[in-house]
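Some notes on the structure that comes next.
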Amino acid sequence: MNNLSRQVLRFGFALLFLWFGYQHILDPSVWLGFLPEWTGYLPIPGETLVQINGLFAIISALFLILGVYTRVVALILGFHLIAIALEAGGATGVRDAALAMSALALASSEPDKWTVDFKHNQKKLQKQQETSINA
Amino acid sequence: MQRSRIAIILITLFLFGTGYIIWNGRAVNKIISNDAASTKTDNQYSLADVTIHAADSDCWTVIDGSVYELTSWIYRHPGGAKPIIAMCGQDSTVSFTNQHGGSKAAKAALVLLKIGQIQ
């Protein structure tokens with residue numbers, strides 16, 4: 001995957017999770033139907049769970065926008081989407097499963113040039129080169 | 001180093017945000033439950049009032065002489081939505097007792113959903 005493709009994928013995912021996260025926090029009652037049935041046994045109200053999930057989505061989107069631990073975050077989001085796909089089933093399940101695969105594709109590729117990860121790796125490489133020259 | 005700092009800041013934001021959401025949710029629920037507690041004895045409904053609310057978008061039911069608003073509970077019911085939808089707009093004491101009997105968890109789930117008594 002080239003640099004531009006990775007950037008498009010990363011920002012696309014960030015936009016997706018920002019929008020859903022914002023909607024979850026703004027109007028949690030609309031999303032109650034998507035909560036797994038076992039959450040009914042938790043002592044936390046459904047609206048609160050939806051809002052926490054929304055915050056998780058927004059923070060994950062910020063990780064992706066900045067490109068901080070991009071691969072780890074993409075992997076977590078991929079598994080999160082797989083869980084939603086299995087729970088939702090039907091057309092929503094197929095769509096989320098496809099999104100999960102895209103997330104896993106992002107997790108399996110090297111970070112693009114606009115990420116903090118890329119700069120971090122560059123610095124690390126530079127330091128390694130300097131130490132090997134000095135040695 | 002810079003990458004770890006950003007990650008720590010974002011994780012801290014998430015933890016504080018989660019704490020705030022739970023705290024805020026509890027405060028709101030306390031107000032709602034206080035309101036519910038004050039209306040538990042005040043509100044009196046007839047069975048005819050309950051039968052109007054027989055849709056999954058507006059679901060009331062009667063259990064042991066108490067009226068419950070189940071709309072928000074339909075899709076959170078651990079046993080699936082269908083049994084709850086079947087209870088909408090009617091006295092479902094028998095079906096509830098047959099299914100849950102003396103289950104404390106089921107009764108606890110009902111407490112916040114109570115809106116009044118049957119006349």
Side-chain angles (χ1 to χ4, degrees), chain A residues 14 17 21-22 24-73 76 87-89 111 115-124 127, chain B residues 1-33 36 55-59 68-85 99-100 103-113:
Chain A
F17 281 97
Y22 175 68
H24 284 184
I25 289 174
L26 195 71
D27 198 359
S29 57
V30 175
W31 305 90
L32 280 178
F34 289 94
L35 280 177
E37 285 165 10
W38 57 264
T39 60
Y41 285 121
L42 296 177
I44 303 169
E47 280 88 350
T48 305
L49 288 174
V50 172
Q51 285 184 321
I52 291 171
N53 188 61
L55 184 67
F56 167 74
I58 289 174
I59 297 292
S60 303
L62 291 176
F63 267 95
L64 288 180
I65 288 169
L66 296 169
V68 178
Y69 293 104
T70 313
R71 299 177 76 172
V72 178
V73 172
I76 293 168
E87 184 63 36
T115 59
V116 173
D117 287 341
F118 181 79
K119 285 175 187 168
H120 175 85
N121 291 345
Q122 289 286 98
K123 272 186 187 173
K124 208 174 166 184
K127 270 186 186 174
Chain B
M1 190 65 180
Q2 190 194 3
R3 186 171 73 150
S4 314
R5 273 186 192 168
I6 296 169
I8 288 166
I9 290 167
L10 290 176
I11 290 167
T12 309
L13 263 176
F14 174 70
L15 293 176
F16 273 103
T18 303
Y20 174 75
I21 288 168
I22 291 172
W23 177 78
N24 196 37
R26 278 191 177 177
V28 170
N29 274 337
K30 212 174 179 180
I31 293 164
I32 291 169
S33 61
D56 59 349
S57 57
D58 179 21
C59 176
Y68 298 95
E69 219 277 48
L70 299 181
T71 316
S72 66
W73 179 250
I74 289 174
Y75 295 103
R76 295 190 64 219
H77 177 231
K82 277 185 185 174
I84 304 294
I85 293 169
Q99 186 63 38
H100 295 296
S103 163
K104 282 182 186 173
K107 281 178 184 167
L110 277 177
V111 171
L112 278 176
L113 305 168

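Taken from CZ in B/Arg3 to CZ in A/Phe118, the straight-line distance is 13.0 Å, to the nearest 0.5 Å. The CZ atom of B/Phe14 lies 7.0 Å from the CD1 atom of A/Ile52; values are rounded to the nearest 0.5 Å. Atom CG of residue B/Leu10 and atom OH of residue A/Tyr69 lie 11.5 Å apart, to the nearest 0.5 angstrom.
Only the side chain of A/Leu66 has a heavy atom closer than 4.5 Å to any heavy atom of chain B.
Considering B/Leu13, B/Ile21, B/Leu15 as possible partners of A/Leu55, the one that fulfils the side chain to side chain contact (heavy atoms under 4.5 Å, CB included) test is B/Ile21.
In terms of non-hydrogen atom pairs under 4.5 Å with chain A, the most contact-rich of B/Ser72, B/Ala7, B/Gly17 is B/Ala7.
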